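Letters A, B, ... mirror the listed sequences (proteins, then strands); counts begin at 1. Everything quoted here is computed from the prediction, not taken from an experiment.
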There are 2 protein chains.
Amino acid sequence: MEKKLRTKDKILQASIELFNQVGERQVTTNHIAAHLGISPGNLYYHFRNKEDIVRQIFKEYAKLLETRIKPPSDKAEALDALACYLDAVFELMWRFHFFYANLPDILSRDPALQQDYQQVQQGVLARVIAVLKALKQSAVIQIDDDDITDLAHSIKLLVTFWISYLKTQAPDQAIDQASVYQGVLKVLLLFKPYATEQARPRIARLQQHYEDLAR
Amino acid sequence: MEKKLRTKDKILQASIELFNQVGERQVTTNHIAAHLGISPGNLYYHFRNKEDIVRQIFKEYAKLLETRIKPPSDKAEALDALACYLDAVFELMWRFHFFYANLPDILSRDPALQQDYQQVQQGVLARVIAVLKALKQSAVIQIDDDDITDLAHSIKLLVTFWISYLKTQAPDQAIDQASVYQGVLKVLLLFKPYATEQARPRIARLQQHYEDLAR
DNA sequence: CTGCGACTAGAGTTTTTAGTCAATTTGGCG
DNA sequence: CGCCAAATTGACTAAAAACTCTAGTCGCAG
């Protein structure tokens, strides 16, 4: 109880580590136990099964998503809100990138997780739309109202599968933070053509900022 | 030899069918054999293993990709070339959608397939870029040369993971042709903001065309 | 000290799927 | 017909991973 880290938390932490390193699918409960120098039985004392571990990791992820990515306050500058979002999303993406690397597979094996995921994503979509509307309102972008939802979906798709895309293109090289930041740049590129004349230089500055991080 | 379909081809066909229906991962060699009413041994007489089956299916897919999606002839109208591409890509996507539904997983289990895939994709990227350049040259879109490659990647990502995205958003409902065509529409939306004034009505017509197909 | 509950060990069971193999059938050809 | 190679059978083996179970240990409250 008073130890630095309870076994349960050590298991979660080691799981995230191993999942990120070699992929969720190839990590067995035995691997996790061996990695920690504990017995498989011990692991099953703390978790019902592997699904249970993944679910709790997802819960942690979802919690961070909720707390770190707050709805945009109307007072804040819309473009700052965007940058703030991008930072937060991509930090989470990095920390839990195993999840993004094989999302359909992971979800297909656990209907309960799938439902949680969908619920979380619904919230995300709403917030992306809110940011887009704020950007439009503050004349950063110019876009048909009809197209906003579609654009939001495209952005979400890009973010969700950026890691997967990287893996299909260059599976050998490991995912690092720089490669994740390249995903931010791609999202920015999705905005760029909608940018109003006056906003363009500020978007370019944002782009420069992430280009520096992406190497 | 003279039968309508040799066992080997029947196995390939049944595999595609089952893979599309329930997912590659959950279809075992025994399932395939049972589905055809043949013995597992028979299947292994024709194929070394399941990977072998998947590889041959991929070969067929790649061959269709090569033959159906020809490099754009300079004479043709650029926008027609685009429509032609979209049609072809999305037909293949439909026919082999199991492949798109779990790409990272399938590739990660077979390094040889992965290499083939990368090679094919390199060609695809080149052709997408060619189409974009043609569109620019014929003043359909207006875009920085620097952004063309990035846009091509975004398009490729969207196409590649459209099915996966659908599955994460609404896993229960089956993938049908209409839902695949909705992906075409998303690609078109990626172009739209780059469209020149004069090309806009023609793009809108194209959009209408796919909207009709997507329901 | 002792007893109790939280925790841990690790060998072993179960389940699942890939893959093998010797025996058998089939179909065309000399 | 009778032979041979191609095709086919299905029971069996192997391997891997999830998960269980019993027999403990540890630490602390009474």
* Kindly state each residue pair satisfying side chain to side chain donor-acceptor pair (under 3.5 Å) with at least one member in residues 96-114 of chain B, sequence neighbours excluded. =>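 Residue pairs with at least one partner in residues 96-114 of chain B: B:E24-B:R109, B:R25-B:D105, B:R55-B:D110, B:Y61-B:Y100, B:D105-B:R109.
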
* To do: Could you tell me whether B:K136 and B:D145 have a side-chain N and a carboxylate O separated by less than 4.0 Å?
  =>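 Judged by the 4.0 Å cut-off on N to carboxylate O distance, B:K136 and B:D145 do form a salt bridge.
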
Do the side-chain N and O atoms of [X] and [Y] include a donor-acceptor pair separated by under 3.5 angstrom?
X     : Y     : answer
A:N42 : A:S39 : no
A:Y85 : A:D80 : no
B:T29 : B:Y44 : yes

* Strand-adjacent residues in residues 98-108 of chain A, judged by heavy atoms under 4.0 Å from DNA chain C ->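 Hits under 4.0 Å, by residue number: none.
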
* **Residues within residues 36-46 of chain A bordering DNA chain D, heavy-atom distance below 4.0 Å** =>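 Output list: A:G41, A:Y44.
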
Could you state the interatomic distance from [atom1] ([X]) to [atom2] ([Y]), rounded to the nearest 0.5 Å?
X      : Y      : atom1 : atom2 : result
A:I155 : A:L132 : CD1   : CG    : 5.0 Å
B:H153 : B:T160 : NE2   : OG1   : 11.0 Å
B:F96  : B:I163 : CZ    : CD1   : 13.0 Å

* **Flag side-chain contact, heavy atom, 4.5 Å: A:K59 against A:K63** =>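 No, every pair of side-chain atoms sits at 4.5 Å or beyond.
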
* Asked: For A:F191 and A:L82, what are the C-alpha separation, side-chain angles and deciding distance, and is it a side-chain contact (heavy atoms from CB on, under 4.5 Å)?
  -> CA-CA 11 Å; A:F191 282 106; A:L82 174 67; 3.8 Å; yes

* List for me each residue that meets salt bridge (charged side-chain N to carboxylate O under 4.0 Å, His left out) alongside A:E91, sequence neighbours excluded, and say none if there are none. =>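 Per chain and number, A:E91 pairs via salt bridge (charged side-chain N to carboxylate O under 4.0 Å, His left out) with A:R68, A:R95.
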
Taking only nitrogen or oxygen atoms into account, show me every contact under 3.5 Å that the protein makes with nucleotides 22-27 of chain C, one pair per line with its distance.
none

* Check whether more than 12 heavy atoms from other residues, nucleotides or ligands sit under 6.0 Å from atom CD of A:Q122, and answer yes or no. =>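 No - once you tally the heavy atoms of other residues, nucleotides and ligands closer than 6.0 Å, there are 12 at most.
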
* To do: Would you mind reading off the distance between B:K8 atom NZ and D:dT8 atom C1', rounded to a whole angstrom?
  =>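 Distance, rounded to whole Å: 16 Å.
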
* Distance, rounded to the nearest Å, where B:D110 contributes CG and C:dA18 contributes P ->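 Whole-Å distance recorded here is 14 Å.
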
Write down the protein N/O and nucleotide N/O pairs, taken from nucleotides 15-17 of chain D, whose separation is under 3.5 Å; answer none if there are no such pairs.
none

